[in-house]
Enquirer: 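This is the structure I want to talk about, given as structure tokens.
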Amino acid sequence: MASYNHEEIEKKWQKKWKESGIYDTENRDTTKGKEYVLVEWPYPSGNLHIGHWFAFAVVDIYVRARRMHGKQVFFPMGFDAFGLPAENAAIKNNLNPKEWTDKNIAYMKGQLESMGNAFSWDKTTSSTDPEYYKWTQWMFTKFFENDIAYRGEGIVNWCSSCNTVLANEQVLPEGDCERCGNQVEKKKMDEWKMRITKYADRLIDDLDSLDWPESIKESQRNWIGRSEGAEIDFPLSLSLYGGEVVFATNNHGKLERMQKLFDAAGFSIKLKTPLEIGVKDFNVEEDRPTLEENAEKKARALAEKTDLPVLADDSGFFIDGEEIDPVTVKRNALAGQSEEGMTIEEVGNLMITYYQNVAKARGGSVDAEWHNAFCLITSKKIVSHTQTTRPVTLTDEPKGVMNPYLPLRSLYISKVTGKHVLLQSDEEELEELNPIIKGIQNLFTPSIKVFTTRPDTLYGATYMVLAPEHPLVEKFKGVVSNWDEIEAYQKETATKDDIVRTTENKEKTGVKLEGVLAINPANQEEIPVFIADYVLSGYGTGAIMAVPAHDERDFAFAKKFKLATKEVVSNKLTDENIFTGEGTLINSGEFDGLTSEEAKGKITKKVGGEMKSTYRLRDWSVGRQRYWGVPIPIVYDKEGKAHPVPEKHLPWLLPEDVDFRPTGEPPLAKSKELLERTEKIFGDGWTPEVETMDTFVDSSWYFLRYIDNENGTEFSSMEKQKEWMPIDIYFGGAEHTTMHLLYSRFWQKVLFDLGLVTESEPYKRRINRGLVLGPDGNKMSKSKGNVIDPDEQVKRLGSDAVKMYLAFMGPYGETTNYPWDLGGIVGIRRFLERVDKMIDKENIMDSEDVHLERHLHQTIKKVGGDIELYKFNTAISQLMIFLNQMQTLKVSKNTLEIFLRLLAPFAPHLTEELWERLGNMTSIHLEEWPEFDESKLVSDTVSIAVQIHGKVRGLVESPSGSSEDEVLALVRKDEGLSKWIEGEPKRVIYVENKLINLVF
RNA sequence: GCCGGGGUGAUGGAAUUGGUAGACAUAAGGGACUUAAAAUCCCUGGGCCGCAAGGCCGUGCGGGUUCGACUCCCGCUUCCGGCACCA
């Protein structure tokens, strides 16, 4: 077999390159332009597969070409070494994940070296190195302090087999665990999260500035899923706040009366006195000029002492605009007697008697006004402030039993009902108190907030739907007449997983909340309210306004439940009587005639809504109940409050005294050392966080560490970042588009906002790559027996051939999957052997064939240009064409050397060897990229296609740059073409050096 | 359903962005060398008709624009990727 010994050559040069350190970066050579080329750091599974070669070796072609173009290229490599496989392997083989990982890293490093890539090995790192994860933890504490990292309740995906929480992305479409295939359950629990949703807008908007393929940007936009619309409140026409409210009064009579009224109004509110919630001696001086201010003062004072909603009032009788001061009345009633030793009843009775006398003295009846002010505070915020006035008459003829708690009220008769105030029926009193009741209703059953992208259709909202899990639903208990039915439906929904709920169950189901009505804020119409599982609790507000005439889902639901449909956007309705597009408004009051676009904002404004965006994206869950990850650097004090571990205690080391077999309890919870460490540093009773971080956290900033991998005081200095960032191009797998790529962009933005990085976007350009399939066209898998082992291929045909073949399969910048062709790689090897032989050719000439020289310059141009476009396949094709051309001729040493330089990025070992064989003493990889001469690209004569009526009928040879007439003359002379020529052409189209088209 | 990208020989893929479709490579067929095989080299290599010269057809399908369309426009079809009862 006539062939070169690739094994020997590759070993020889890999050793020399390593010794001379020609690919090390050390400090930047600032005389050269920088170029940061990044590839995704691999997980050290223990064996390099062909995918790694596709990811790294092909990119190396680009890297080497850029080096030859005079760039200081930074091409680092490291290991993303935390993660589940190590833990599982350790469990299986009964050893430590750290040992397993370190061993794999060492082995894979050797395999990676066999690629012969120009990696900047002096700048490597690994996520498992404490010097690395120290900074991962440090960032976490910064994020925690800035409310980016937080602990909050969430519904999580739980795999009971892996005993861990999974991110949505880690759940397969069938609802199975990505790692083990087990069915994933939904579970409510507290979890560590990152507020990525806060960055949703920026993550979308900043895409515009990036030089990325549109498809990747679009995937991210879809993933974030921004919809622009409005949030609108629909008040309920029935109040049903269920809960406790503290009434800021010590007056039992007042409280009882108010409680009675609430009960009668349908409130399920329990009023409590300050004493009942443990506030003794609640007493606030009513010294403000108005009732309203006094009510507010009382409410605020009490709200300081409780988290419950607080209601306070102040009321009084006014005669001729003057308040009848209760203190004065009381003093007059007591007439010098001491209050000491008297009961409230006794004082009250004295006041009643006194008042009767006043009324008598004035002729039996005096016109007055009863003013009633309320203030309601929840969470320290005033939610309502009302005052009502009703005309009453003071009387000397009390009826029924006097109420000593409300002595003044016992003596007034309502002018509205003509009845004694204390004897009015609840209905009568409620009617009088209507403004207050309304006001309070609004507070207590606020309303249902909906999100809609179509506020223009508000007038067409004929019913509402809440998600079955909507928190408001619980408050309807005791109010609706069909609670059993509602509860049953909720249970049914909870057992269904999302897949069943969305795909299998297109048929609409739901339950009406009997007795509950909402008010369409646009037209004040009362509309029914349902719960139905077609409304998702996690999206928008978990509630919708339903517009059956203009939404298919609402239409389907309305049809099934026979609900009213109201058309508000004019258009031809389909057969189904539904139109989901935008148009001109009708049946919409003052908005009739507006376009949907115009009406959206206006209608929202009218009903007090707010234009708002919602997102499909959820906050990123980052806690994992597993061992082999970065410990979350949080400790809890005795009260259970979380504190970040201070920087001086970082790295917060992963304990080693742990049984990491999955038991449902996080492995770190079993570490004595970790607990002792925590108590020793922070004090007795303090406990450590026992969760570790999602490995996507590790990979969210590794590119920043590469550039400053030995820095002991910062994760990456601003100086180094200014030198190297942003990443000029990031090559990676399409599967990372919506996870790693989005997370790391988010991470970078947070760091940017904290002033810790120079760039708000890490990756200037991004190229996704597809997969290498097995020879049978299927995804490689052991079970299919179609796995191509790169080591074997390298041994058989050489690293250069493997790399070149992977580059030759197709264009690199696309996500096409290419099958490995066993014959194809042989073709590459044949090419390399012909190159080897070519250099051995004894008869190298001094002078150059002009013809060949032109091809050489064309080749320089083509190969260089294609590499810039990641079209390594056509670059290689051009090198093959040129070799074919050289083989029929004698060539100069200069031409051969240029050819080798063009080939060097593709076949670094062989070209280095042949470069040496031609007598060069320095590395070919330190050479510059050859330049082409524009003037030598064109030949003296060209063959021009002759078309008749647009069809090619022949060719004519003509001098380059000939005029139309000159070419036409040649055409006329051509015998073969004569039969197509019929006199004078009506029209001639001539494209210089290309074609001439004659039309007759 | 919405969005993005495709469909070219037996196969992977080319085509300077409207200008000679199928470069380069693989598989296949034929030949040379060889006792033979491997390797290597040479020839053929989209389909149909034809001894040939040559002709007709041909880039998923149907229309259109143009002197000329793989390329642009309209309609369909199909495959791949992202999202999806997302209001």
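Just so we're on the same page: letters track the sequence lines, and every chain starts at 1.
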Enquirer: In whole Å, measure the gap between the P atoms of B:U71 and B:C80 for me.
Expert: 23 Å
Enquirer: Just label B:G9 as syn or anti from its O4'-C1'-N9-C4 or O4'-C1'-N1-C2 angle, using within 90° of 0 for syn.
Expert: syn
Enquirer: Should A:Y534 be listed as having a side-chain N or O under 4.0 Å from OP1 or OP2 of B:A87?
Expert: no
Enquirer: What is the separation between atom CG on A:N873 and atom P on B:U11, rounded to the nearest whole Å?
Expert: 18 Å
Enquirer: Under a 3.5 Å threshold, yes or no: a donor from one side chain and an acceptor from the other, between A:Y615 and A:D201?
Expert: yes
Enquirer: Would you please confirm or rule out a distance under 4.0 Å between OP1 or OP2 of B:U40 and any side-chain N or O of A:R830?
Expert: yes
Enquirer: Tell me whether the NZ or CZ atom of A:R616 lies within the 45° cone about the ring axis of A:W223 and under 6.0 Å from its centre.
Expert: yes
Enquirer: Find the distance A:Q947:CD to B:U66:P and express it as a whole number of Å.
Expert: 17 Å
Enquirer: Between A:Y870 and A:Y812, is the ring centre distance below 6.0 Å?
Expert: no
Enquirer: Please work out whether B:U40 sits syn or anti, treating a glycosidic angle within 90° of 0 as syn.
Expert: anti
Enquirer: At less than 3.5 Å, do the side-chain atoms of A:N997 and the base atoms of B:C67 form a donor-acceptor pair?
Expert: yes
Enquirer: So, OP1 or OP2 of B:G81: does either fall under 4.0 Å of a side-chain N or O from A:T737?
Expert: no
Enquirer: Donor-acceptor pair under 3.5 Å: do we get one between A:K508's side chain and the base of B:C85?
Expert: yes
Enquirer: Charged N to carboxylate O below 4.0 Å: is that the case for A:K600 and A:E582?
Expert: yes
